[in-house]
Amino acid sequence: MAAALSLLTACGGPAKTTAEAEKFSYTVEQFADLQLLRYRVPGFEELSLKQKELVYYLTEAALQGRDILFDQNGKYNLRIRRALEAVYTGYTGDKTSPDFKAMEVYLKRVWFSNGIHHHYGCEKFVPGFTPEFFKQALQSVDASTLPLGEGQTLDQFCDEIFPVIFDPAVMPKRVNQAAGEDLILTSACNYYDGVTQQEAEDYYNALKDPKDETPISYGLNSRLVKEDGKIQEKVWKVGGLYSPAIEKIVYWLKKAEGVAETPEQKAVIAKLVEYYETGDLKTFDDYSILWVKDLNSRIDFVNGFTESYGDPLGMKVSWESLVNFKDLEATRRTEIISSNAQWFEDHSPVDASFKKEQVKGVSAKVITAAILAGDLYPSTAIGINLPNANWIRSHHGSKSVTIGNITDAYNKAAHGNGFNEEFVYSDAELQRIDKYGDLTGELHTDLHECLGHGSGKLLPGVDPDALKAYGSTIEEARADLFGLYYVADPKLVELGLTPDGEAYKAEYYTYLMNGLMTQLVRIEPGNNVEEAHMRNRQLIARWVFEKGAADKVVEMVKKDGKTFVVVNDYEKLRALFGELLAEIQRIKSTGDFAAARDLVENYGVKVDPTLHAEVLERYKKLNLAPYKGFVNPKYEAVTDADGNITDVKVTYGEGYAEQMLRYGKDYSNLPSIND
């Protein structure tokens, strides 16, 4: 499970102080509610030639899957993106006009979100240009550059596409989580076609064997469709759906296999290729187990259908890739945590029947990202824990990573932006956050990823999908609470991970400030909280606020007409985090859907409109963007006369539009319509 970064709090590792880092330009551009940053790849030059070659091949494999995510996010996304790009590059009219400028921002948002819906809130973008302008612009460019269907006229194309772009009632939400609605029929994501939520749930429930202790992840790599009255799966594989892109991914993975660092890594790549070629989910489990056990390779990667946040039922997964290598120095911190995994499990405040008797295979490291792709690009997580299958985690363990160079880039770009000064209650909290915030934020991420997701167990016979649409929120709350409970534990001081018993208060304060107030800058006025990580943070913050109200553990107070969070009793706050962790683990372990629904709906969804308006107004004056993403480095292979790679060069100067247009030209592998 990926841990999304709250960009509104200080979080990250120690600053790099080399002269090169000081001169590095982290910011690229800002528009709408987005800011684009760059990240460095420190240590790449010190890798061996073979390791550089491996990174290069894996990077190419990562970029080849770009179109898959666009199509998964919506069936019209590729056509809309390509039409916009054709106008952006080929329009000969006035490119300074308000309509063209608004279309440019719209295209940049589509690039960022891999589709026409917001990457985080899932609501459809409102175009700032008119249908009349866009049709005239489409008419003015070379028709061969437009994504017209076979025999389709431009008028027919506009009739089909324009309602999707301009009509707010058409496909308004990519992922709808509203209770009581058919979540499939009201979601624009492209994981289902012609089926209802009930039909989808019935289809997969019929396939499951409650007695199977090693179940495959049914539905993970397919689109569920109804054709001629029959429900069937269209599998994403070579020869199946998305084959043109998957074939390119496989080509580069096979190149990577030839320069693998270890026999174990070679076996991992070979098994992933087999999975892509067959679509067999048992093979995917075999690959996942091999990947978890490959601990000695410096270079590592994720490539494939991975995270379920984009499916309203939490079953089907989006395509993503991350190529990375271990940060040897920083990893010492996560190794201390993972080596004590059994102690943390044994001392957890949850019921003993829900704990793992033996924690297996927990490995953790700090990594340097070399490339971000798919559902990790441009917006990325700062921590990842995989695989997602509960039985694999229980029997074989998991890998947890914190992405050090990404958190470093966030910190560098946010330095001195005035956010904390506006929203933190007093100088005492500000000084504590300044002193400890980066450290405790990073430790919370480590605990969340290294131990939180890997903690606890399902009781025998409990369906891993029992919590349905609430599963992602509950799982993220479980991992967050594990981290919150333990970041304050004296054990961390004993292990040398925190300097004293005061440090954790910086994380407690920023977490509550975010969950109760500041993450609201990401919500449009009048909307509810939809995204799983945001629901999780609000659920936790509001629950402890309410349960501690009688003792005034946490208060919302007014100062100079502004609302602030005040924490009066940090020890009681930790106890409340422990109580909620125990309940969340019970819900997860027993598959208590009703309790999951009640918790999420009562605490994680609704927004106080008055507080929301105040937070938005205060934030607006700071001229900050609530969401951030990245432009990737560019890798170029240096070859000799015989075509052998003699070096791989990394450069950072590419602009946002420049990179997106290059990707659209070099890695556009799918047809505009994928049925």
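These values consider heavy atoms only, across backbone and side chains, with no hydrogens, waters or symmetry-generated copies.
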Minimal non-hydrogen separation, Val195 against Ile184, with atom names:
O-CG2, 3.4 Å

Could you check whether Phe630 and Tyr377 have their ring centres less than 6.0 Å apart?
no

Does a donor on one side chain and an acceptor on the other come within less than 3.5 Å for Glu475 and His453?
yes

Aromatic ring proximity Tyr120/His533, centre distance under 6.0 Å
no

Within-4.5 Å side-chain heavy-atom neighbours: Ile249 and Asn303:
yes

How close do Gly229 and Lys226 get, counting heavy atoms only, and between which atoms?
C-CG, 3.8 Å

Can Asn669 and Lys248 be counted as having a side-chain donor-acceptor contact under 3.5 angstrom?
yes

Between the side chains of Thr445 and Thr402, is a donor N or O closer than 3.5 angstrom to an acceptor N or O?
no

If every non-hydrogen atom of Ser222 is compared with every non-hydrogen atom of Tyr204, which pair is closest and at what distance?
OG-OH, 3.7 Å

Donor-acceptor side-chain pairing of Tyr667 and Glu60 below 3.5 angstrom:
yes

Would you say the side-chain atoms of Arg82 and Ser672 include a donor-acceptor pair closer than 3.5 Å?
yes

Side-chain touch Glu85/Trp111, heavy atoms, less than 4.5 angstrom:
yes

For Glu247 and Tyr251, which I'm curious about, is there any donor-acceptor pair between the side chains at under 3.5 Å?
no

Within-4.5 Å side-chain heavy-atom neighbours: Val250 and Lys237:
no

Short side-chain donor-acceptor distance under 3.5 Å, Asn296 and Thr262
no

Nearest 0.5 angstrom please: Asn221 CG to Tyr275 OH, how far?
3.5 Å

Leu458 and Pro464, any side-chain heavy atoms less than 4.5 Å apart:
yes

Under a 4.5 Å cut-off applied to non-hydrogen side-chain atoms, are Arg535 and Val600 in contact?
yes

Which residue pairs pass the salt bridge (charged side-chain N to carboxylate O under 4.0 Å, His left out) test with at least one member in residues 371-387, sequence neighbours excluded?
none

Are side-chain heavy atoms of Phe301 and Ile299 found at a separation under 4.5 Å?
no

So, using side-chain contact (heavy atoms from CB on, under 4.5 Å) as the criterion, who are the partners of Thr196 when residues are at least two apart?
Asp182, Leu185, Gln198, Glu199

Do Tyr635 and Phe44 have their ring centres less than 6.0 Å from each other?
yes

Go through the steps for Glu335 and Ser339 under the test side-chain hydrogen bond (donor to acceptor under 3.5 Å, both in side chains), then give the verdict.
CA-CA 6 Å; Glu335 287 176 341; Ser339 66; over 6 Å; no

Can you confirm whether more than 12 heavy atoms, excluding those of Lys254, are under 6.0 Å from its NZ atom?
no

How close do Tyr192 and Asp311 get, counting heavy atoms only, and between which atoms?
OH-OD2, 2.9 Å

Is the distance between the ring centroids of Phe482 and His448 under 6.0 Å?
no

State, yes or no, whether a side-chain contact exists between Leu220 and Trp236 at a heavy-atom distance under 4.5 Å.
no

Taking the side chain as every heavy atom from C-beta outward, state whether Tyr39 and Thr407 have any pair of such atoms under 4.5 Å apart.
no

If you round to the nearest 0.5 Å, how far is OG1 of Thr334 from NZ of Lys326?
8.0 Å

Quick one: pull up OH in Tyr242 and CZ in Phe305 and give me the separation to the nearest 0.5 Å.
8.0 Å

Please name the residue in the list Gln51, Lys50, Lys266 that meets the side chain to side chain donor-acceptor pair (under 3.5 Å) test with Glu261.
Gln51

Minimal heavy-atom distance between Ala330 and Val366, with the atoms involved, is O-CG2, 3.5 Å

Measure the spacing between CG of Leu481 and CG of Leu447 and express it to the nearest 0.5 Å.
12.5 Å

Can you pull out every salt bridge (charged side-chain N to carboxylate O under 4.0 Å, His left out) where at least one residue sits in residues 210-224? Sequence neighbours excluded, please.
Asp71-Arg223

Taking all non-hydrogen atoms of both residues into account, name the closest pair between Val362 and Ser338 and its distance.
O-CB, 3.7 Å

So, the side chain of Asn205 versus the backbone of Glu201: is there a donor-acceptor pair under 3.5 Å, distance only?
yes

